[in-house]
Protein chains: 2
Amino acid sequence: MCPESVERSRAEVRRAQILAAAVDCFRQHGFHGASIAQISKAAGMSPGHIYHYFENKEAIISAIVAGDLERFLILTAEIRSACNVREAMLARVGEGIDECLDQQTAGLKLEIVAEASRNPHVAEIVRSADKVCRESLMLTIRDTRRAAGHEDDDATLAAMVEVFISMFEGLQIRTIRNPGIDRSIVIPLFQNALRALLDQSP
Amino acid sequence: MCPESVERSRAEVRRAQILAAAVDCFRQHGFHGASIAQISKAAGMSPGHIYHYFENKEAIISAIVAGDLERFLILTAEIRSACNVREAMLARVGEGIDECLDQQTAGLKLEIVAEASRNPHVAEIVRSADKVCRESLMLTIRDTRRAAGHEDDDATLAAMVEVFISMFEGLQIRTIRNPGIDRSIVIPLFQNALRALLDQSP
DNA sequence: CATTCTAGATCGAACGCTCATTCTATGTTA
DNA sequence: TAACATAGAATGAGCGTTCGATCTAGAATG
């Protein structure tokens, strides 16, 4: 019954299966180190069959990058919708730090950025999603600053956003270079740093 | 004359030639995307000849990673040897930011960390060098804090170091995701953030 | 000084393998 | 039966690496 939607969902399941397997393989071997043969084995299907769902390997990479950034957009939207945005940001610092400190997650995100630094197609996906994130975060910080009586120009707000994101994204590099980071001590330091950033006089 | 040293320097010149070519190729195509054939062409020699100077491709990667980190160790040593360390750090923030914002440099550093997240050999090189950097920076910050009358335990100092480095390393990711960062506005914000980090009460 | 010798530098073809991708044949389902 | 799902072998290109042949520059020899 309902053949159209059943078939569509079957195709979607297969696509999701391939993407999940690809994420695994890319984490372990990188975008260029992982082969279609490996991915197809992890996904439980033949190599050729993958080409029924993705035009080529780069299309798989693009889909993973796009999905990853979509998830991040949802997170920033959540924070912005909180009633007291400043406190919501500070309260969720621990959550953000935990995600950045996860080595599996961090490894894939670094792989994506490294790929973006040389693959124009991936760069475009990454940069357009980043633009949306930045703009959302900029509005959030502007509101927070206004509530505390500060009025900043756009360039300053943009720079604040960069410092804010730098700290978290930097942690993704840190957790690879130093796997022994103590989250419980880093969290209050991050909160202090963010308070200083949000409260500073112009 | 002096055959031994002449021959040795010739070999060193060749090694340096190969490494320079490899850095170029790795930046453009990544560690696994760049081929020995490409590197040999860029270095102006035959593919086979490269194997007279490096055991295999991974040895080239290792040499680049090691050289990169050695340069960083020299930089931190310089800062630590300044008479007023706190002011030396703040004064050199712009310099550090400029290096992080360079997309070519950042791309290769991200490639290295991504590789470290899955290649145990590269991970070991990266982590042992990072340990030295952290310890050096930790002593520097401890001295600075003591001079201002604060005494911190090792865990807190270690976390301060992580926040400090996170900001700079995060900027390497930022410059890929957002190539339009305005350095002149980010620099004072970084200085403020660092002051807040170094001056905070425990 | 001219010649021979030799050891290292260098080349580039060749090897075996794996890759991304294609294609044809077969299975499945409605 | 018609249309789609799936398999897996085939293809040709490119990979890292090896290897024997050639070149070259300086030492040894006469």
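In the text below, chain A, chain B and the rest are named by the order of the sequence lines, each starting its count at 1. Reckoned from all heavy atoms, side chains included, excluding hydrogens, waters and symmetry mates.
- At whole-Å resolution of the value, CD1 in I39(B) and P in dC11(C) are 16 Å apart.
- The shortest distance between the side-chain N/O atoms of S35(A) and the OP1/OP2 oxygens of dC19(C) is below 4.0 Å.
- Listed for the R86(A) side chain is no donor-acceptor partner under 3.5 Å among the backbone atoms of L198(A).
- When the salt bridge (charged side-chain N to carboxylate O under 4.0 Å, His left out) test is applied to R118(B), the partners found at least two apart in sequence or on another chain are E111(A), E115(B).
- Atom CD1 of I36(B) is separated from atom C1' of dC15(C) by 16 Å (rounded to the nearest Å).
- dT22(D) atom P lies 18 Å from atom NE2 of H49(B), rounded to whole Å.
- With rounding to whole Å, F31(B) atom CZ is found 14 Å from dG16(D) atom P.
- More than 12 heavy atoms of other residues, nucleotides or ligands shown are found within 6.0 angstrom of CD on Q17(A).
- Among all heavy-atom pairs drawn from R80(B) and V85(B), the shortest one is O-CG2, 4.0 Å.
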Give the table of side-chain donor-acceptor pairs shorter than 3.5 Å for residues 51-62 of chain A, with sequence neighbours excluded, one pair per line with atom names and distance.
unit_1, atom_1, unit_2, atom_2, d
N56(A), OD1, E58(A), N, 3.2
N56(A), OD1, A59(A), N, 3.1
K57(A), NZ, F31(A), O, 3.0
K57(A), NZ, A34(A), O, 2.7
E58(A), OE2, H121(A), ND1, 2.9
S62(A), OG, E58(A), O, 3.0

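- For R14(A), whose side chain is taken as the heavy atoms from C-beta onward, the closest listed nucleotide among dT21(C), dT17(D), dT6(D) is dT6(D).
- Taking only side-chain nitrogens and oxygens, R10(A) never comes nearer than 4.0 Å to OP1 or OP2 of dT29(C).
- Going from atom CD1 of I18(B) over to atom P of dC11(C) covers 10 Å, rounded to whole Å.
- If you measure from atom CD of Q38(A) to atom P of dC19(C), you get 6 Å, rounded to the nearest angstrom.
- Phosphate proximity of dC11(C) to S46(B): present, with a side-chain N or O under 4.0 Å from OP1 or OP2.
- Within residues 50-62 of chain B, the residues approaching DNA chain C are H52(B), Y53(B), by heavy-atom distance under 4.0 Å.
- Under the side chain to side chain contact (heavy atoms under 4.5 Å, CB included) rule, I125(B) has a single partner from L69(B), I112(B), D68(B), which is L69(B).
- For CD of Q103(A), the number of neighbouring non-hydrogen atoms (other residues, nucleotides, ligands) closer than 6.0 Å is greater than 12.
- The distance from atom NE2 of H32(A) to atom P of dA20(C) is 11 Å, rounded to the nearest whole Å.
- With a cut-off of 3.5 Å on both pairing distances, the Watson-Crick or G-U wobble partner of dT1(D) is dA30(C).
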